[in-house]
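Report on the following structure.
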Amino acid sequence: MAEMEYKKETRSVEGSWPMEHWSWKFESIALISKTREAFKEKKLLGLKCPGCGLVYFPPKPYCRCMSEPDEWVEVKQQGTITTYTFTGAWAYEGIKEEEGPAGEPLIIVGVNFDGSDTLTVCTLGEAKPEEVFVGMRVQLKWPENIEGRLDDIAHVVPLRE
Amino acid sequence: MGPGIEVGQVPRAALPINPAFQWSVGNWMDHFYDGLKEGKLLASKCPGCARVYLPPRMICERCFTKCEEWVELPETGTVESYTVAHVKVGANGEFEELPQPEVIALVKQDGADTCVAARLQGGSASVGMKVKVVIDPEAESFVNMLAGYRPAE
Amino acid sequence: MRREVAIISYAQTPYEADANASREMQVLKVAREALQAAGLKQEDRYTVVTANNDYLDGRTISNMRLVEPAGAWMKNESKAEMDGAYAALYGLWRILSGDHDVALIIGESQASVYARWLPGIMMFDPTFDRQRWLLNEASAAALQARAYMNAFGISGEQVAGVAAKNLDNASLNPLAHNKLAGADAAKVLGSRMLYDPLTEMMMAPYCDGACAMVIAAGELAEKAERPVWIRGVGFAHDSYLTERTLKEMNSLRLAAEKAYAMAGISDPSSQVDLAEVHENFAHEELMAYEALGFCGKGEGGAFFDSGVTRRDGKLPVNVSGGATGANVVCATGLARIIEAAMQIRGDAEGRQVAGVKTAVATGQTGPCAQESVVFVLGGE
Amino acid sequence: MAHIDVAVTGVGYSKHVSKRRDVNIAELVWEAVSNCYEDAGLKPKDIDAVVTGNMPAFEGVNMPELWGAGHWGAYHKPLIRITTGGTTGGSVAHAAYYAVASGLYDTVLAIAFEKQSDGNSTMGLNTVALADAAAQFQQGVDPGFLASFGGGAVGIAVYQAASYMKRSGCTTHHLDKVSALCRNNAALNPWSHLKQPGLTPEDVAKTVLMQYPIRFGHVCPATDGACAMILTTHEKALKLQNKPAYILSCASCSDEAALMGISGSGTTNMDPCAQEHCKLAAKWAYELAGIKDPRREIDVAEPYAPFAHQMLMFYERLLLCEEGEAPAILDSGSMNLDGELPVCPSGGVISTNAIGASAMERITEVALQIMGKAGERQVKKEVHKGVAHGWGGAVNLNVVAVLSDTPRRS
């Protein structure tokens with residue numbers, strides 16, 4: 001009987017998780033469709049919870065208080081930054097451009113639109129990375145052609161009050 | 001949903017993404033495949049209770065001992081159970097009719113204490129029937145070098 | 001047990017092949033209903049244990065997106081990635097520790113979302129069996145059925161009879177989806193042959209649904225109306241499919257022994273009034289009779305033939321229709337506990353059995369009941 | 001009803017490296033289990049129940065214990081599987097604690113592991129969000145755009161880091177210091193993955209910026225590894241150990257998933273660094289443990305910090321100081337091995353991250369410090385009480401355990 005010779009790397013076998021055959025269900029798609037339609041009239045529609053009064057924007061079919069949000073309310077197009085980051089590569093502190101690949105800076109911010117109780121993720125334009133801060137006031141910037149897509153509301157700019 | 005909000009048929013979403021994996025088989029299974037390559041059935045044996053594992057295991061489940069002994073098993077074995085498969089599971093997870101039913105058997109190799117699930121050639125099967133292993137060292141994928149079984153007679 | 005722990009409320013969705021709701025909304029519905037029935041609100045103090053599976057849900061950390069529907073927002077929550085009966089077991093430990101008094105237990109999955117037989121194939125040894133694509137939950141069950149039937153002379157009619165009984169029982173259960181009043185063995189045997197000896201009607205088809213249960217000790221249990229007490233629990237793991245005997249259900253036997261010892265049951269066939277058994281395939285119920293000590297080893301077929309386990313028998317099994325009536329992976333075993341509790345409480349309406357004081361419920365995970373959990377429940 | 005005191009009586013690790021290609025999953029886990037039995041002086045026959053868990057999407061095996069548990073001494077034993085994402089190891093240990101505290105099982109083996117080299121770590125993490133991403137694409141979100149929202153390879157942590165820095169006054173220099181501190185500690189830990197003795201904050205500052213404010217040097221590695229521990233009753237532990245460590249209490253707390261709500265809905269978890277639920281879990285755990293002033297009573301902390309800022313952030317969220325004070329405490333040297341309240345003496349998750357095992361390793365490391373068995377990484381001060389933490393989900397799951405050298409007084 002041949003002794004087993006201990007190998008540092010043995011054979012490998014392959015396989016996959018064929019998630020292409022999974023198909024998930026989302027009531028939220030139906031809710032957000034209504035909100036997306038309203039984009040065409042430049043309106044932001046959120047859904048208010050009858051249990052605790054929280055307003056979800058974009059809408060969500062259930063609330064953390066276990067009620068089902070059921071009242072459409074209009075959300076303001078101004079909001080406050082609650083969190084942020086930058087893609088591309090900049091040094092921090094001075095935020096110099098010397099590091100990493102070049103490219104247009106993309107500032108990604110979490111925005112709490114006035115009249116809602118939720119965070120929505122957007123990009124921030126017309127501002128430099130070093131100007132961003134938590135608590136900064138921003139204003140939604142609609143695209144030139146509003147198509148009723150979820151990313152129609154993906155851009156904000158500093159609110160000049 | 002609350003009043004005024006009709007979801008209708010709940011919408012669905014899917015993505016054509018299939019995460020891939022590459023599992024290292026470990027030295028015990030690797031040695032097993034080395035054996036098949038030479039046409040041999042190699043099983044690991046517990047030095048404590050003498051239990052023989054085919055496919056081999058590094059650890060004896062009953063003694064928690066490393067199975068560092070190897071034994072070469074004869075080509076004969078016994079059908080412990082079998083099923084005549086009329087279907088197989090297709091890539092999408094649903095049953096697909098087989099053009100020809102096939103026999104999947106649980107075979108206990110003579111000298112082994114565990115079973116191998118493999119195809120049994122020859123169409124008919126019975127519990128307790130003697131079978132011989134079919135080894136194909138040239139199989140396209142090494143996992144199929146243990147190609148199956150055929151009736152001993 | 002150190003504390004008396006009772007089931008004080010429960011809720012189930014209807015079980016359907018393709019529910020017109022996401023799992024989140026199904027979980028929300030049952031969690032809310034179970035809490036309400038227990039007199040609890042989201043802001044009250046309770047712990048949550050869910051049972052779900054990342055591969056079934058198609059989401060890593062599948063409990064993460066269930067936080068709000070499961071009533072787990074700002075709660076002490078965990079997840080058993082097994083049958084919901086294990087979530088109930090874990091919830092029970094939490095209460096017995098004394099650190100918690102109330103636990104909300106939830107089980108869910110949706111067969112209409114996942115690729116039906118793939119998660120089961122992904123359970124097998126990736127270095128060998130899974131590569132060969134021969135073993136899945138159904139082919140493994142057929143290997144087990146043949147091994148068991150051959151060892152003890154169990155007939156195809158007896159196995160088919162179990163399926164027929166459960167399909168007929170399910171016809172009285174408004175929540176079940178796989179049902180057939182007046183089903184008989186011939187019809188079951190005549191259905192499409194998949195993995196001989198198992199025909200399509202002997203398999204409990206996977207479906208959509210969720211169920212929830214509140215268990216409690218202390219004040220809430222004492223003031224509850226018609227509490228159902230947890231008298232004994234046990235659970236056990238068995239070896240990998242090809243390394244164990246398939247002629248008997250060791251995991252269930254070991255689990256039952258422990259649960260009976262806790263509950264003071266020495267003669268199950270006379271001391272148990274009703275059982276809800278998690279049978280993914282019809283022959284498993286016969287094997288469960290033996291493992292649960294209702295009859296001797298190898299006597300499952302004869303025991304079934306005696307009619308004892310029919311809904312008008314002395315020890316009815318799966319009056320709800322069992323898993324045959326509705327099989328939601330990660331919820332099926334929990335639903336058995338709920339059904340048994342309903343029978344003890346007298347809540348089972350059209351399928352109510354008279355005089356149920358002590359009931360047994362089982363849950364299983366893995367191919368051919370590789371892992372089993374047993375609950376013994378009792379009324380006042 | 002008297003509390004059943006739960007003691008740690010043995011711990012074991014496998015080797016922790018980036019790729020273990022000589023063993024399969026079951027065999028890798030065996031190493032940790034075997035070392036654990038040896039450490040406890042026990043055999044499988046002494047174990048009454050087993051709790052296990054990992055993050056299955058990383059290995060591509062559904063319920064790996066069905067195939068693997070035969071390697072772990074679980075033959076015919078009661079076994080339960082707990083998985084909760086990044087917190088899995090902690091959740092597994094918590095379940096084992098409850099199993100003993102329930103009075104039903106005296107001696108319980110807890111096992112947690114991850115063999116990331118069998119899969120693709122980035123894809124493993126992505127499977128958290130693929131369902132939601134599918135819905136978002138359907139509603140008109142550009143995939144590349146969505147990917148940048150998610151923060152790329154470093155996920156939501158970048159938002160958390162930026163927010164934390166804003167709230168606390170933490171600078172990138174503090175992040176560099178955290179990495180240097182942890183990697184130097186890891187060099188003293190035979191089980192750690194990334195050992196970088198002598199690493200300085202200046203070295204860390206030279207690593208590649210991944211996404212503001214996180215550099216390569218601020219991020220954990222992907223590790224193959226396993227961890228096991230044996231918990232038992234006070235009475236049994238005293239027969240096995242001169243100085244067992246007790247798990248005084250366990251608590252978890254769940255918030256709404258952050259950043260991307262379900263399929264693009266808004267989420268009320270608005271600031272990923274707020275971690276209110278971590279504070280709540282800590283509060284519950286301290287209450288149960290009878291700890292009134294964690295700042296004075298806790299001697300060592302193992303927060304779960306795969307990203308540098310998290311060591312400081314969770315130090316605060318574990319109520320070990322006021323919010324915003326952690327950076328200054330780091331500067332004071334208090335968090336060092338010879339400091340007043342050493343943090344991550346093991347080297348932490350930033351040095352070793354076998355994901356499913358990581359939160360359990362926080363507990364085993366605190367236990368070793370209490371038992372005085374931490375070897376070269378043993379902190380200089382006397383350790384009576386410690387806190388071990390786990391974090392995961394979409395920054396929305398936290399688990400906390402409090403350990404001590406004396407049982408709970410109840």
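When the side chain to side chain donor-acceptor pair (under 3.5 Å) test is applied to C:Asn53, the partners found at least two apart in sequence or on another chain are D:Asn62.
By the 30° and 60° cut-offs, the orientation of the rings of C:Phe128 relative to B:Phe32 is perpendicular.
Here the shortest heavy-atom pairing between B:Glu94 and C:Trp117 reads CA-CD1, 4.4 Å. Contact between B:Gly8 and C:Asn20 at its shortest, heavy atoms only, is O-ND2, 3.1 Å.
Here OG of C:Ser239 is found 6.0 Å from CZ of B:Arg62. Values are rounded to the nearest 0.5 Å. Expressed to the nearest 0.5 Å, how far CZ of C:Arg146 lies from OH of B:Tyr82 amounts to 3.5 Å.
The part of B:Arg12 that comes within reach of chain C is its side chain, from C-beta onward, which places non-hydrogen atoms under 4.5 angstrom from that chain. Both the backbone and the side chain of B:Gln9 come within less than 4.5 Å of a heavy atom of chain C. B:Ser24 touches chain C through its backbone: at least one of N, CA, C or O sits under 4.5 Å from a heavy atom, while the side chain does not. Using a 4.5 Å cut-off between heavy atoms, B:Leu146 touches chain C through backbone and side chain atoms alike. With a threshold of 4.5 angstrom between heavy atoms, B:Ala112 does not approach chain C through any atom at all.
Remark: the backbone N or O of B:Val127 is not paired with any side-chain donor or acceptor of C:Asn150 at under 3.5 angstrom. Of the possible donor and acceptor atoms, one in the side chain of C:Trp133 sits under 3.5 Å from a partner among the backbone N and O of B:Val89. At distances below 3.5 Å, at least one donor-acceptor pair connects side-chain atoms of C:Arg132 with backbone N or O atoms of B:Val143. B:Ser81 places a side-chain N or O within 3.5 Å of a backbone atom of C:Ala147 that can act as its donor or acceptor partner. When atom types are taken as modelled, the side chain of C:Tyr195 and the backbone of B:His86 share no donor-acceptor pair closer than 3.5 angstrom.
Other residues, nucleotides and ligands place no more than 12 heavy atoms under 6.0 Å from the NZ atom of C:Lys187.
Looking only at side-chain heavy atoms (C-beta outward), B:Thr83 and C:Gln144 stay at 4.5 Å or farther from each other. Residues C:Leu134 and B:Glu102 are in side-chain contact: their nearest non-hydrogen atoms beyond the backbone lie under 4.5 Å apart. A heavy-atom distance below 4.5 Å is found between the side chains of C:Gln131 and B:Trp23. A 4.5 Å side-chain heavy-atom check between B:Asn92 and C:Leu118 finds every atom pair outside the cut-off.
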Between C:Thr242 and B:Val116, is a side-chain contact (heavy atoms from CB on, under 4.5 Å) present by the stated rule, with each step listed?
CA-CA 6 Å; C:Thr242 56; B:Val116 173; over 6 Å; no

Pair B:Arg57-C:Tyr240, side-chain contact (heavy atoms from CB on, under 4.5 Å): steps then yes or no
CA-CA 11 Å; B:Arg57 296 296 189 215; C:Tyr240 183 68; 3.5 Å; yes

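With salt bridges taken as basic N to acidic carboxylate O contacts below 4.0 Å, one links C:Arg192 and B:Glu97.
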